[in-house]
Visitor: 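Got a structure for you, written out below as structure tokens; questions coming shortly.
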Amino acid sequence: MSGKVFIPQDKLASALERLNEKVPVWVPVSQGADRWGIDFKPFRAGMVPVMDRQSTALPKEVIFPQVQTLMTFEYVKAPEDPGRVQLKLEEPPEAGNALVFGARPCDVRGFFTFDRVFTEGPFVDNQYKDRREKTLFAVLLCREADEACFCSSVGSGPADTAGGDLWITPVEGGYVVEGLSERGGSYVQLLGDPATEEQAAAASRSQEEVSRQKVGSLDPSGVVQGQKDRFEDKDFWRSMVNQCLGCGVCTYVCPTCYCFNITDEMRHSRGERMRSWDSCMFAVYTQEASGHNPRPTKLERYRNRVGHKFSYFPEKYDGMIACCGCGRCIRSCPVSIDIRKVVENLKERSHACA
Amino acid sequence: MSLLSERLGWIVFEAETKRLHELVKAVLPELDGIVGWEQGFDALHATPVFVNREEDVHRLMWSPLCVHNLSGYLVKTPPFLPRDEGRKVGICVKGCDSRSLVALEQEKFLGRDRLHIFGIPCEGTVDWRRVMKKIPLRGVSSVRREGPELKVEDSRGVHSLPWEESLARRCLRCAHPNPLVHDVLVRDPVEPRIKKDEAYGLVEEMDQKSLEERLAFWSAELDRCIRCYACRNACPLCVCQDRCIVETRDPKWLTQKMGISEKFMFHMIHSLHLAGRCTECGECERVCPMEIPVTLMKEKLNQITREILGYEAGIDSQLVPPLLTFNPGEHEL
Amino acid sequence: MHAHNPYLPELATVQEVIGETHNICTLRVVLNDPEKMKNFQFTPGQVGQLSIFGVGESTFVINSPPTRMDYLQFSVMRVGEVTQRIHLLNAGDQIGVRAPLGNGFPFEEMKGKDILFVGGGIGMAPLRTLLLFMLDNRQDYGDITVIYGARSPHDLCYSYEFDQWRSGGANLVLTVDTEHPGWKERVGFVPTVLKEEAPSAHNRVAIVCGPPIMIKFVLFGLKELGFEDDQIISTLEKRMKCGVGICGRCNMGSTYVCLDGPVFTYSELREMVPEL
């Protein structure tokens, strides 16, 4: 490890400029002068990262772009017989390296859900794996948990460094940065001058203090049974999510939502097959060509969403909950549906049944 | 009912909430339920609630955090409507929301006689993002209005913000704060903030820009669109629902690509489908997680509708919206 | 584990297109790479994703058996965008194939047993692969009874093969819903014919595939005949995209139809969340 360095607040932009020369950096920036939201964008000179609140949109985009070309294709005339048409397929080029600066523990945690699905087989998603291996995370000690956050309830916490390569700790006047992985460590010196003893100690104190915090009070145990007991209880689901608008916000701002669509686009004789984020909250998500839909209303769709995260995923992947507790689905929901309330109620009903 | 705000510390207009409870209790037996608002997950959020038992009436509330236009629930699947002829459902509406009811009635999606409308004259709704932008809050425990100020208490103390600065953009340009249709009013009518003629300031400002500047503005705004379609789903007048152009592959209007042209196409079609119909409730803009001023597009079309046809949607249920009819004698067009 | 791009299809050439009914056609397809065609291995019941590049992919069972590898056969009903385009294909056309995917029938466990196939309409396709596989290994199985029905004689697939199936050792019972001029086989709904045939449930496995309403009443019939849940096998259909257990949409609870199915015993189906 290369020790700790200190980046003064006013030198953050220039530190990122140096870093960006070595590896393309993504930073959280404001969505506009009078906007509350922040968003991860590729760093450009002059950008001022906003480090004091969680982003609305996600660094998920870096590893799992909202739209990604799976292959390109072209219909061509067969050279030996122009009357015959042949097909040429091409795979997209490999991804480059990237570093996400200022990701929060929940942002990084989200990829743990992806990893199980995309890299553990039986089929491995090579494009995801490629980007995942080439993306580093400078994870920020999170001191900004709000009423929607519950990361400590789902196996993480505001001082979680799992999956991080660098650790950023805000201190008076700037940030102390230290390496967490070998690859991350190699960038530490570049970012600033060695931290003074006071700065290093302040960082450690802050880390200890934050790591003692428990963010959220949800207890997801017993939900698997609750989901089974209440699966066909329409009144229950109606009472939980009747106000749902059926939009895709909760899924698109979710660090663990990975479901995607595959569509073809073609102009003249060439085109591409691409995948794009899809949402289980959309009506057409499961609608079959015949018109039949196994999840015909928002109730079945929401039931699947909460089931997927808190029941089905744990059943399939050794108890792992497919939720990182970032609270974005709660905060960004146009009608403030609270997934914690649904989970709690599923449990209570199941206790009541038992 | 003082318990409500003591227990939760949330912004509740106690007198109005109490009155609402009384009014609801009085008619609940004749209704197949009522849709209103209750407290949400924190002090800055309310959430829609469906109530059909007397013991749940206490959950209903009124406050400037009751931001949602509930009229969409009456028409979107599964529609919240009375089961039998002769029965009614109850709905709580602000001035802006009531115009959606009028528009839906104009388009024959709703029968006025199926509704019991609890009208709430409104002094504006709070935009929580705007508040957070002004005061980065941590652990909000209470929000209340004190005269010209919004007072917010969080883990670091009490903060105040001029009331006007806490309001949603749609509320700052609201000329109809009092419900246009209602069976009962929950409080006394309030003074409109502006006259309707003054509502298109931002549109006029945009019109001053060159085409290139406008393109740059919308390109930057729409670049953030994540195509979650919250704007569409929250719109009470977006009635195509699961037959939307964004999802049909045949004919195929849009691809799944994330380019500006795709996003622009969607928002343009959304706006054009609302031309002469949009009541400017501002829900599309409120629900946008990426804070894109999408209502502005509809405002422009409404401004044109006003100028050319002298028509304003959602005001008079007896009028036929101009784009839903054809008059061969029309010479302005 | 597959290290390559799991979404990348093999290019293939349509060898022959057979019109089965007014809305069903059968494709015989050969992979362009002769090595890959030669080494192609699968289990009866496994599926493939057919690609029409520029339109999309759709899932179909490989309905030829692994014992007959001159081509891979798929039968396609015209319902959506992709299937409409498949119906326009001619011999020599290029398509993409991702196969084999899914689990297939447990044919090893069926050895030494009597077999009952119950099929309706296009539902005969997944049964055909197993039926032909069994006929090609006739000594491994006991009685093989096939009850196959459709609305009319024109709606029966593979009618040109029925004689082969019979001569190969299958007891083939054909039925159509109503009388038709020249029709000499049975008349009546499949569940009714099942009742009339009343094959013994003893040491027998029933494989059922067809429209949901037929399956529902066939299940009642099989129960009456004494079939246990784990003696009944069916295949599921869901809207699929990736076909490899990643994209998320074909789940029923924690079961992914594309990966864990499409073949399930009725006892497995009863354990799954009811979201058909």
Side-chain angles (χ1 to χ4, degrees), chain A residues 70-71 73-75 84-89 91-92 117-118 120-129 227-228 231-232 257-266 269-271 273 275 278 280 284-295 300 303-304 307-308 311-317, chain C residues 1-13 32 49 51-58 77-84 92-96 98 101 211-212 236-260 271 273-276:
Chain A
L70 294 174
M71 71 204 70
F73 53 83
E74 187 178 3
Y75 289 90
R84 255 183 52 228
V85 174
Q86 286 183 337
L87 263 166
K88 266 168 59 180
L89 293 188
E91 291 191 68
V117 181
F118 285 68
E120 287 191 2
F123 293 87
V124 174
D125 189 304
N126 62 329
Q127 286 199 68
Y128 171 83
K129 195 161 181 269
Q227 177 86 10
K228 285 190 175 125
F231 192 83
E232 292 185 272
C257 272
Y258 60 80
C259 294
F260 59 86
N261 196 355
I262 301 177
T263 49
D264 284 14
E265 289 307 331
M266 185 161 77
S269 59
R270 328 166 57 121
R273 177 161 293 168
R275 69 149 148 242
D278 206 343
C280 57
V284 293
Y285 178 72
T286 48
Q287 186 167 305
E288 292 160 20
S290 65
H292 171 70
N293 196 339
R295 295 181 202 136
E300 292 87 8
R303 180 180 68 190
N304 183 69
H308 188 186
S311 295
Y312 313 151
F313 203 89
E315 278 182 325
K316 196 169 159 74
Y317 297 105
Chain C
M1 255 188 222
H2 306 238
H4 66 284
N5 183 341
Y7 312 107
L8 194 70
E10 284 297 323
L11 291 180
T13 303
N32 288 0
Q49 289 263 8
S51 277
I52 303 290
F53 292 94
V55 185
E57 286 186 297
S58 210
M77 188 192 272
R78 192 173 56 223
V79 274
E81 205 188 352
V82 175
T83 53
Q84 278 186 21
D93 284 348
Q94 299 292 296
I95 61 167
R98 283 195 292 140
L101 303 170
L236 290 188
E237 268 189 24
K238 287 270 167 188
R239 178 176 157 91
M240 287 182 194
K241 280 289 176 178
C242 78
V244 291
I246 302 182
C247 84
R249 78 195 58 235
C250 69
N251 74 307
M252 289 173 72
S254 58
T255 303
Y256 282 79
V257 173
C258 70
L259 214 54
D260 308 317
E271 286 298 305
V273 302
E275 210 169 51
L276 280 167

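In what follows, chains are A, B, ... by sequence order, proteins preceding strands, each numbered from 1.
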Visitor: Using 30° and 60° as the class boundaries, would you call the ring planes of F53(C) and F73(A) parallel, tilted or perpendicular?
Guide: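 Correct class here is tilted.
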
Visitor: Where on V244(C) is there a heavy atom nearer than 4.5 Å to chain A: the side chain, the backbone, both, or neither?
Guide: both

Visitor: Could you measure the distance from the OH atom of Y258(A) to the CD1 atom of I246(C)? Nearest 0.5 Å is fine.
Guide: 9.0 Å

Visitor: Please give me the minimum heavy-atom distance between Q127(A) and N5(C), naming the atom from each residue.
Guide: NE2-ND2, 4.5 Å

Visitor: Is it the backbone or the side chain of F231(A) that comes under 4.5 Å from a heavy atom of chain C, or both, or neither?
Guide: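 Interface part for F231(A): side chain.
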
Visitor: Tell me, side chain or backbone of Y285(A) under 4.5 Å from chain C's heavy atoms, or both, or neither?
Guide: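 Both parts, backbone and side chain.
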
Visitor: Identify which of G253(C), G245(C), G96(C), G92(C) forms the greatest number of heavy-atom pairs closer than 4.5 Å to chain A.
Guide: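 Counting heavy-atom pairs under 4.5 Å, the top option is G253(C).
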
Visitor: Heavy-atom cut-off 4.5 Å, strictly under: side chain, backbone, both or neither for R270(A) against chain C?
Guide: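 Nothing of R270(A), per the 4.5 Å heavy-atom cut-off to chain C.
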
Visitor: Chain A heavy atoms under 4.5 Å from P212(C): which part of the residue, side chain, backbone, both or neither?
Guide: neither

Visitor: Identify the heavy atoms of C259(A) and G248(C) that sit nearest to each other, and give their distance.
Guide: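 Shortest heavy-atom separation between C259(A) and G248(C) comes out as SG-CA, 3.7 Å.
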
Visitor: Which bit of C250(C) comes within less than 4.5 Å of chain A, counting heavy atoms only: side chain, backbone, both or neither?
Guide: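 Neither; nothing under 4.5 Å.
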
Visitor: Once side-chain hydrogen bond (donor to acceptor under 3.5 Å, both in side chains) is applied, do any residues pair with E265(A), and if so which ones, sequence neighbours excluded?
Guide: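 Counting only residues at least two positions away or on another chain, E265(A) forms a side-chain hydrogen bond (donor to acceptor under 3.5 Å, both in side chains) with K252(B).
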
Visitor: What are the two closest non-hydrogen atoms of M71(A) and P9(C), and how far apart are they?
Guide: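 Result for this residue pair: SD-CD, 3.5 Å.
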
Visitor: Quick one: which of G56(C), C247(C), C242(C), P274(C) has the most heavy-atom pairs under 4.5 Å with chain A, could you say?
Guide: C247(C)

Visitor: Which residues pass the ring pair (Phe, Tyr, Trp, His ring centres under 6.0 Å) test with Y312(A), sequence neighbours left out?
Guide: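 Residues passing ring pair (Phe, Tyr, Trp, His ring centres under 6.0 Å) with Y312(A): none at all.
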
Visitor: Would you say that more than 12 heavy atoms from the other residues, nucleotides or ligands in this model lie under 6.0 Å from the CD of E300(A), or not?
Guide: yes

Visitor: What part of N32(C) lies closer than 4.5 angstrom to a heavy atom of chain A: side chain, backbone, both or neither?
Guide: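 No part of N32(C) comes within 4.5 Å of chain A.
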
Visitor: Tell me if the CD atom of E288(A) is crowded by more than 12 foreign heavy atoms within 6.0 Å.
Guide: yes

Visitor: Look up atom CG in L11(C) and atom CG in L89(A), then write down how far apart they are to the nearest 0.5 Å.
Guide: 4.5 Å

Visitor: For N261(A), which atoms come within 4.5 Å of any heavy atom of chain C: side chain, backbone, both, or neither?
Guide: both

Visitor: Nearest 0.5 Å please: distance from the OH atom of Y75(A) over to the CD atom of Q94(C).
Guide: 9.0 Å

Visitor: Pick one of side chain, backbone, both or neither for S51(C), based on which atoms fall under 4.5 Å of a heavy atom in chain A.
Guide: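 Backbone plus side chain of S51(C), per the 4.5 Å heavy-atom cut-off to chain A.
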
Visitor: E81(C) versus chain A, heavy atoms under 4.5 Å apart: side chain, backbone, both or neither?
Guide: neither

Visitor: Name the member of I52(C), V55(C), V79(C) that forms the most heavy-atom pairs with chain A at distances under 4.5 Å.
Guide: V55(C)

Visitor: Does any heavy atom of chain C fall under 4.5 Å from the side chain of T286(A), the backbone, both, or neither of them?
Guide: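 Contact with chain C: backbone and side chain both.
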
Visitor: Considering only heavy atoms, which portion of V117(A) lies under 4.5 Å from any heavy atom of chain C: side chain, backbone, both, or neither?
Guide: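 Both parts, heavy atoms under 4.5 Å.
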
Visitor: Let me see the working for R275(A) and Y7(C) under side-chain contact (heavy atoms from CB on, under 4.5 Å), right down to the final yes or no.
Guide: CA-CA 10 Å; R275(A) 69 149 148 242; Y7(C) 312 107; 3.4 Å; yes

Visitor: Side-chain contact test, heavy atoms from C-beta onward, threshold under 4.5 Å: evaluate it for L259(C) versus P122(A) and give yes or no.
Guide: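 Sidechains of P122(A) and L259(C): in contact.
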
Visitor: If you measure from CG on L276(C) to NE2 on H292(A), what distance do you get to the nearest 0.5 Å?
Guide: 7.0 Å

Visitor: Drop me the distance from E275(C)'s CD to N293(A)'s CG, to the nearest 0.5 angstrom.
Guide: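 It is 9.5 Å, given to the nearest 0.5 Å.
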
Visitor: What part of Q287(A) lies closer than 4.5 angstrom to a heavy atom of chain C: side chain, backbone, both or neither?
Guide: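 The backbone, not the side chain.
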
Visitor: Can you measure from CZ (R249(C)) to CG (D278(A)) and round to the nearest 0.5 angstrom?
Guide: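 It is 4.5 Å, given to the nearest 0.5 Å.
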
